Each structure stands twice: as C-alpha cells, then as structure tokens.
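Inspection log for the structure reproduced underneath, given as structure tokens.
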There are 2 protein chains.
Amino acid sequence: MQIIRTVLKSSDGDWRAARRANARAAVLDAAWGLVRENGLAALSLRELAKRAGITTPTVYAYFESKNAILDAMFADAAQSFVELMSSMPSSDDPLADMVAAARRFSDFCVSDVPRYQLLFQHSVPGFTPSPESYGIALSALALARDLLARNGVHDPRHLDIWTAITTGLVGQQISNDPGGDRWTGLIEDVTRMFLAQYGDATQHKGES
Amino acid sequence: MQIIRTVLKSSDGDWRAARRANARAAVLDAAWGLVRENGLAALSLRELAKRAGITTPTVYAYFESKNAILDAMFADAAQSFVELMSSMPSSDDPLADMVAAARRFSDFCVSDVPRYQLLFQHSVPGFTPSPESYGIALSALALARDLLARNGVHDPRHLDIWTAITTGLVGQQISNDPGGDRWTGLIEDVTRMFLAQYGDATQHKGES
DNA sequence: GTCTATAGCTGGATAGAC
DNA sequence: GTCTATCCAGCTATAGAC
C-alpha cells in the first residue's frame, strides 16, 4: 500500500494533509481486503465503509465516486508493480535474469488475483483508469522492454511475444489451476524456448 | 446456436418439445445478442426478456434461473468450439497445421469476446458450469491434445505450454489491442518458436 | 468530517389471474 | 404459458443536521 503524499507549504497544512492521506489509505486498505476476499465485482461502498469503520457517506469525503476508488487502487497496483520490477538485479546470465523476472511477475499476479485483473485485464465494467494512473502502468511496460534489451531482445514484436507468453502462463494458472503451479512451474522451460529463438546468444532460425 | 433436442415417445410430444426447444433457443439467441453488445456483466433478465419479446416471468418458463441461462450459454459455446476445432484438416506439414489451428482458435475468441470470457476465463461471479456443460469443454481440450500428438508433441507439459501461448496471444489481443491484430499477427512466429523447441522435427536442446 | 435518513434505480425471483 | 403486479434485496449517491 502506497501512501499518496501531498506537498503543502505550511507545516499546519502538511499535518492536516498527512491525516487526510492516512484516512484515504485506510479506506484503500479496506478496499483491497474486500476485493481480495470476495473478488473485484464485490466492491461495494456499503461493505467498504463497514470494513473501514465509517459510514457510506463518509467515503465520499475522501473519494468523489466509486470509480475514483478504483482509480486509486489501479494507481496503487501499478506503483507496487513498478517498484517490484525496477529492483530486478542484472547479471551476465540472460536466462537467469529473465527467469527471475518472469517469476517475480507471476508471483505478483497469482498472489493477488483481483489486483492482477484490475491492472492487466481491465475487467471492471464501466471503469477506465485516468491518464495519470495509466501512465504509471505504462512505465512498467518500459521496464520489461529494458529487461529484454539487456538480454539481447530488441524487436518490439518479440517484446509482444514475451508479454503474451508470461501473461498466458499466469492466465492459465489463475483460470485452470488456482493455488497450484501447473503453469507457473513451466516458466524456466518457456524462457529457454523464448531465448533459444529470439535471444542474441543463439542463431535466429526459421524467421520469415 | 445449437438447438437442444429432447427425444420423446409420441409424435405429439415431439412436436411440443420442438416448439419448446425453439422458444428456448430464441431466448438464448437474445441472450447472446445482449452480451455481445454490452458485455457478460450486462446480462439481466429484464433486458433479456425485452429483447426476446416476452416478459421476465416468462423467462422462468424456460430456464429455472439466471445461472441456468448461463449454463446453457456455456454449453452452447463449448459445442460451437468443439465443432469448429474437430473439423481441422490434417496435412503432413506440422507447422501449417498448428498455425491453422491457432488461427481458428484466436478467430473464435476475438470474434466473440464475451463467449471467450464465459468459456475460458470463468469470469462470471457466482457461476460455475454444470458437470455436463463442462464435459463438453473438456472434450475440446482433448482435441488440442490430439492435434499436438499428430504433430509430434506428446508431453502433457508441452500441451500446457501450447495452451498458455495461444491463450496469452488472445488475451493480450483482447485486453490491449481490441479490434486489431498486434498479437494475433504473431501466431506464425510463436508456432515456429514452439515447434523449434518441442516439435519432433528438430533436436530438443537445453531441456533440463 | 461524520452522521442519519433516504432518494432513485436495477437486479433476481415469485404470486396469482387468465 | 403468458401476463400484471409486486416483493425484497442490493447498489451509488445525496440532503441536511450536527
């Protein structure tokens, strides 16, 4: 959970802003707990308020609408994802680096399915993230691009293939073996396959 | 749209059953039209009845609940999928056969996203297909297994990799480039990659 | 900022006349 | 089988007192 900080001029205003940010964060925490337990579709302001220990109208003191809550959650998820992926160590072994990155990605997704659905599947009817929130998500894709570039994959089409493979494994894992590792256990194999075809340590064969 | 047939003894009963099946099919058609236009979550019995030219209680003359409608839709989708994939021609070119199969699969998915979500993503809160309906879907997976076996891929783990790759392309296509071909256009490339690693026409390299 | 109270809407499902 | 009428529950959001 990231706490959104607002810079103000007076120390008095700073103090009030901090309290307000804390209250907002508490509501967001309750929202995450709710969707983790009952799914994204179960996010209702009544139940959210009950969990946060306030009443429904008070929620509107911190968020102007339900979509504003979803947008804050989206930004929160994107921020967590960027921080996780930007701290990837870089070695001289492309295979090990990419396997490690793919494992982090799949752990991030399967450990919090509603967060994954909100961030990557755009699966909430009527909700579209604001440009600001979506911008955070876009910077995460840039991280993946850099990772592949460090490991000898430069073609944007190959980046698309890499995202399809990793999200494909995660999607199958979540849809068809929740809680297991039938697909996430294949990460090393598919990374090997990918780098054998598109990594610069091998000949490119059979490309049209 | 498949019409569910019920075998009865008397020709009079047969006639009545046919009329009933027609009426059921008409409601199902209206349901498909509704979800295709407004998404799976927008399936409501009020709007469904309006489209079918009947009233809400009449819907209950044909389906005992909303979930029963979803189950019939699931079975319908699975049946369509099995029929589409079971008519795949088989040549002596594994690459061409698998590319053709993957194209059929992705066309099936992107041409009707709600059907894809219902059949493959289990994304309707509170709905689980009945064992009978799910059995139809399972027979579709058997078709994919046979296709890969004909093309020299026998390891069940490799079948899982294949389903992850194909659903990954479809998922990215739907989520991030709806209506386009940014990911579906990569089908031939990824099939080549997959067969280079796991097809029997090449050496298996780098497997643990 | 926080509450009580409620408006206004949509949903699934049912009762009972015909 | 099909209708009118209705029940009951859930939802987002707002009004207005404090």
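So that the names make sense, note that chain A is the first sequence line, chain B the second, and so on, each numbered from 1. Note that this is a predicted model, so its numbers are computed, not measured.
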Nucleotide nearest B/Ser65 (side chain, heavy atoms from C-beta), chosen from C/dA13, C/dA15, C/dT2: C/dA13
d(CG, B/Leu48; C1', C/dA13) in whole Å: 14 Å
Atom pair distance, as rounded to whole Å: NZ in B/Lys50 and P in D/dT2: 19 Å
Shortest side-chain distance from B/Leu45, nucleotide among C/dT14, C/dG12, D/dT2: C/dG12
Side-chain donor/acceptor contact of B/Arg46 with base of C/dG12 under 3.5 Å: yes
Position toward the 5' end of DNA chain D (nearest nucleotide), A/Pro57 or A/Glu47: A/Glu47
Most 5' of B/Ala42 and A/Ile54 on DNA chain C, judged by nearest nucleotide: A/Ile54
Beyond-backbone contact of B/Leu118 with B/Val124, side-chain heavy atoms, under 4.5 angstrom: yes
Out of D/dG1, C/dT4, D/dT12, whichever nucleotide has its closest atom nearest the side chain of A/Ser44: D/dT12
Sugar-phosphate, base or nothing in reach of B/Leu43, heavy atoms under 4.0 Å: sugar-phosphate
Side chain of B/Thr58 (C-beta onward), nearest among D/dG1, D/dT2, C/dC3: D/dT2
Length of the CG-P vector between A/Leu70 and D/dT12, whole Å: 10 Å
Protein-nucleotide distance (A/Arg19, atom CZ; C/dT2, atom C1'), rounded to Å: 13 Å
Touch class at under 4.0 angstrom, heavy-atom based, for A/Arg20 against every strand present: sugar-phosphate
B/Thr55 side chain, from C-beta outward: closest of D/dG1, D/dT4, D/dT12: D/dT4
Check: A/Glu47 side chain, A/Arg51 main-chain N or O, donor-acceptor pair, under 3.5 Å: no
Any donor-acceptor N or O pair under 3.5 Å, side chains A/Thr191, A/Arg103: no
Atom-to-atom span, CZ of A/Phe63 to C1' of D/dT14 - whole angstrom: 19 Å
Side chain of B/Lys66 - closest among D/dC11, C/dA15, C/dG12: C/dG12
Residue B/Tyr62, side-chain atoms from C-beta onward, closest of D/dT2, C/dG1, C/dT14: D/dT2
Protein-nucleotide distance (B/Asn67, atom CG; C/dG11, atom C1'), rounded to Å: 14 Å
Residues B/Arg150 and B/Asp97 bridged, charged N to O under 4.0 Å: no
Side chain proximity check, A/Tyr116 to A/Asp112, heavy atoms < 4.5 angstrom: no
5' priority, DNA chain D, between A/Glu64 and B/Gly53 [closest heavy atom]: B/Gly53
